[in-house]
**Q** 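Here you go, one structure.
Within every chain, numbering begins at 1; the chains are lettered A, B, ... in the order of the sequence lines, protein sequences first and strands thereafter.
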Number of protein chains: 2
Amino acid sequence: MKIGDLARRTGLTAHTLRYYERIGLLPRASRDSSGQRNYDASILVWIEFLGRLKTTGMPIRDMLRYAKLRARGAATEDARRVLLQQHRAKVQAHVAELKACLTVLDTKIAGYAAGASKVEVDDDATAIRPAGKIRARPARARGN
Amino acid sequence: MKIGDLARRTGLTAHTLRYYERIGLLPRASRDSSGQRNYDASILVWIEFLGRLKTTGMPIRDMLRYAKLRARGAATEDARRVLLQQHRAKVQAHVAELKACLTVLDTKIAGYAAGASKVEVDDDATAIRPAGKIRARPARARGN
DNA sequence: GCTTGACTTCGAGCGCGCTCTAACCTGTAG
DNA sequence: CTACAGGTTAGAGCGCGCTCGAAGTCAAGC
């Protein structure tokens with residue numbers, strides 16, 4: 001499979017696929033006689049999984065850590081499981097947060113629908129600092 | 001209330017608060033005799049709401065559209081309701097997507113936990129292109 | 001008077017995740 | 001032989017949402 005086909009199948013652009021290979025998210029694809037990438041269909045599974053991680057908000061650097069563990073084989077399965085479990089917890093927390101926001105949105109929408117310039121809609125007095133986001137600045141540590 | 005206090009109360013930095021004012025997300029704060037911003041406590045409600053929008057993934061340019069409608073008063077309530085309803089739908093869809101991803105994660109984690117290098121964990125053959133993301137490039141239209 | 005700390009404006013810089021351009025190469029159809 | 005589609009690389013550029021630095025002002029406390 002050539003890069004254009006893979007692009008069509010995954011919904012990513014060829015540019016993005018090359019970019020992913022460059023940074024190590026995708027393994028270096030084998031090349032044909034004229035240097036063009038030739039993909040095995042099995043890559044689709046991996047790319048889809050990457051898509052899930054991306055959808056759930058995992059930053060590329062973390063996907064990269066996972067990818068590198070994966071590349072090192074079965075010995076890293078524990079580490080990978082831990083990584084996914086931590087990510088899962090974050091996603092779950094985020095879903096809960098979103099649901100809370102949804103009810104706030106619903107309240108506000110209901111206010112607009114019912115009130116029609118009769119109720120003071122802009123002041124629903126909920127407390128600030130909703131879920132303990134204490135501004136712990138991420139500390140920008142790099143180093144793979 | 002001075003900007004530092006507001007920063008502490010909201011969890012945003014003073015830098016960010018000034019930035020928000022600059023771009024129009026926050027109304028221009030009144031200044032005291034020496035030019036320092038003096039905030040009314042009512043701003044907290046608005047900032048919290050902005051936080052909800054941000055948490056739910058609304059881009060700043062959309063918050064800006066909402067903020068400008070809000071600034072124009074009660075006549076824009078219909079438009080604001082529509083805007084929030086559209087956003088709500090997106091958020092709900094995103095939550096559904098995340099939940100689907102959670103079950104995928106769970107499957108994979110379970111595979112690692114049970115298998116321990118006995119099952120082939122890296123090939124759960126789910127179909128690619130999970131939720132009809134057809135690569136409609138956003139079309140980058142600017143203009144407020 | 002002097003230091004300290006919190007504020008002001010303006011504008012540059014950054015991290016992220018792509019996205020695109022330029023210049024070039026290759027295989028196939030007409 | 002020519003045209004064209006689609007591939008290659010290296011590297012620059014972009015949109016987003018901040019984040020920070022420089023240089024200056026101001027008020028309070030010692």
Side-chain angles (χ1 to χ4, degrees), chain A residues 1-26 28-39 43 47 50-67 90 133 135-144, chain B residues 1-26 28-39 43 47 50-67 90 133 135-144:
Chain A
M1 197 193 304
K2 293 209 282 181
I3 199 170
D5 304 331
L6 186 58
R8 270 180 290 281
R9 281 189 193 225
T10 57
L12 302 172
T13 67
H15 280 307
T16 301
L17 289 168
R18 286 190 209 101
Y19 166 69
Y20 280 180
E21 179 177 316
R22 217 154 68 199
I23 65 174
L25 260 194
L26 298 181
R28 179 173 165 82
S30 59
R31 315 293 160 117
D32 68 14
S33 56
S34 72
Q36 299 192 189
R37 287 168 182 80
N38 202 335
Y39 291 97
I43 197 73
I47 292 176
L50 286 178
R52 303 282 190 185
L53 295 182
K54 177 174 152 188
T55 293
T56 50
M58 182 184 283
I60 281 185
R61 70 178 100 78
D62 291 356
M63 297 188 207
L64 223 39
R65 298 207 302 137
Y66 185 86
K90 283 181 203 162
K133 291 196 165 172
R135 168 126 308 255
R137 213 87 68 70
R140 294 198 187 303
R142 306 301 285 104
N144 204 216
Chain B
M1 196 194 305
K2 293 208 284 179
I3 200 170
D5 304 331
L6 185 58
R8 269 180 291 283
R9 282 188 191 227
T10 57
L12 301 172
T13 67
H15 278 306
T16 301
L17 289 168
R18 286 190 210 99
Y19 166 68
Y20 280 0
E21 179 177 315
R22 218 153 67 199
I23 64 174
L25 260 194
L26 297 181
R28 180 174 165 82
S30 60
R31 315 293 161 117
D32 68 13
S33 55
S34 71
Q36 299 193 188
R37 288 169 182 79
N38 203 336
Y39 291 97
I43 198 72
I47 291 177
L50 286 179
R52 302 283 190 185
L53 295 182
K54 176 174 152 189
T55 294
T56 50
M58 183 184 283
I60 281 185
R61 72 178 100 74
D62 291 357
M63 297 189 209
L64 224 39
R65 297 206 303 136
Y66 185 87
K90 283 181 204 163
K133 291 196 163 173
R135 170 125 305 254
R137 213 87 69 70
R140 294 198 186 303
R142 308 301 283 102
N144 203 219

**Q** Measure CG/B:Leu53 against P/D:dG17 and give the value in whole Å, please.
**A**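 To the nearest whole Å, that distance equals 12 Å.
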**Q** Name the residue from B:Leu53, B:Ile23, B:Leu50 that meets the side-chain contact (heavy atoms from CB on, under 4.5 Å) definition with B:Ile60.
**A**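 Among B:Leu53, B:Ile23, B:Leu50, the one meeting side-chain contact (heavy atoms from CB on, under 4.5 Å) with B:Ile60 is B:Ile23.
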**Q** Could you grab the distance from atom OH of B:Tyr20 to atom CG of B:Leu25, nearest 0.5 Å is fine?
**A**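 So the gap between those two atoms works out to 6.5 Å.
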**Q** How many Å lie between CG on A:Leu50 and P on C:dG17, as a whole number?
**A**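 My rounded result for the distance is 12 Å.
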**Q** Let me know the distance between CG of B:Asp32 and P of C:dT8, rounded to the nearest Å.
**A**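 Whole-Å distance recorded here is 8 Å.
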**Q** Which atom pairs link the protein and nucleotides 6-10 of chain D when you take only N or O atoms and keep those under 3.5 Å?
**A**
{"residue": "D:dG7", "atom": "OP1", "partner": "A:Gly4", "partner atom": "N", "Å": "2.9"}
{"residue": "D:dT8", "atom": "OP1", "partner": "A:Arg37", "partner atom": "N", "Å": "2.8"}
{"residue": "D:dT8", "atom": "OP1", "partner": "A:Arg37", "partner atom": "NH1", "Å": "2.8"}
{"residue": "D:dT8", "atom": "OP2", "partner": "A:Arg18", "partner atom": "NE", "Å": "2.9"}
{"residue": "D:dT8", "atom": "OP2", "partner": "A:Arg18", "partner atom": "NH2", "Å": "3.1"}
{"residue": "D:dT8", "atom": "OP2", "partner": "A:Arg37", "partner atom": "NH1", "Å": "3.3"}
{"residue": "D:dT8", "atom": "O5'", "partner": "A:Arg37", "partner atom": "NH1", "Å": "3.4"}
{"residue": "D:dT9", "atom": "OP1", "partner": "A:Arg31", "partner atom": "NH1", "Å": "2.8"}
{"residue": "D:dT9", "atom": "OP2", "partner": "A:Arg37", "partner atom": "NH1", "Å": "2.9"}
{"residue": "D:dT9", "atom": "OP2", "partner": "A:Arg37", "partner atom": "NH2", "Å": "2.7"}

**Q** If you compare every side-chain N and O of A:Tyr20 against the phosphate oxygens of C:dC18 (OP1, OP2), does one of them come in below 4.0 Å?
**A**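 The answer is yes; a side-chain N or O of A:Tyr20 sits under 4.0 Å from OP1 or OP2.
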**Q** Nearest whole angstrom, please: distance from the P of D:dC18 to the CE of B:Met58.
**A**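 So the CE-P distance, B:Met58 to D:dC18, works out to 14 Å.
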**Q** Would you kindly give the CG-to-P distance between B:Leu12 and D:dG17, to the nearest whole Å?
**A**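 Roughly 14 Å, once rounded to whole Å.
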**Q** Rounded to whole Å, please give me the gap between OH in A:Tyr19 and P in D:dG13.
**A**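 Taking atom P of D:dG13 as the reference, OH of A:Tyr19 is at 17 Å.
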**Q** Strictly below 4.0 Å, N to O, side chains only: are A:Asp5 and A:Lys2 in salt-bridge contact?
**A**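 Looking at A:Asp5 and A:Lys2, the cut-off is not met.
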**Q** In whole angstrom, what separates B:Ile23's CD1 from D:dG17's P?
**A**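 After rounding, the gap between these two atoms is 8 Å.
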**Q** With rounding to the nearest 0.5 angstrom, report the CZ to OG1 distance, B:Arg18 to B:Thr16.
**A**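 If I round to the nearest 0.5 Å, the distance is 9.5 Å.
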**Q** Applying salt bridge (charged side-chain N to carboxylate O under 4.0 Å, His left out), can you list everything that pairs with A:Arg37, at least two apart in sequence or on another chain?
**A**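 Salt bridge (charged side-chain N to carboxylate O under 4.0 Å, His left out) list for A:Arg37, sorted by chain: A:Glu21.
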**Q** For the pair B:Leu17 and B:Ile47, evaluate side chain to side chain contact (heavy atoms under 4.5 Å, CB included) and give the outcome as yes or no after the intermediate values.
**A** CA-CA 9 Å; B:Leu17 289 168; B:Ile47 291 177; 3.9 Å; yes
**Q** Report the distance from atom CG of A:Asp62 to atom C1' of C:dG15, rounded to the nearest whole Å.
**A**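 My rounded result for the distance is 14 Å.
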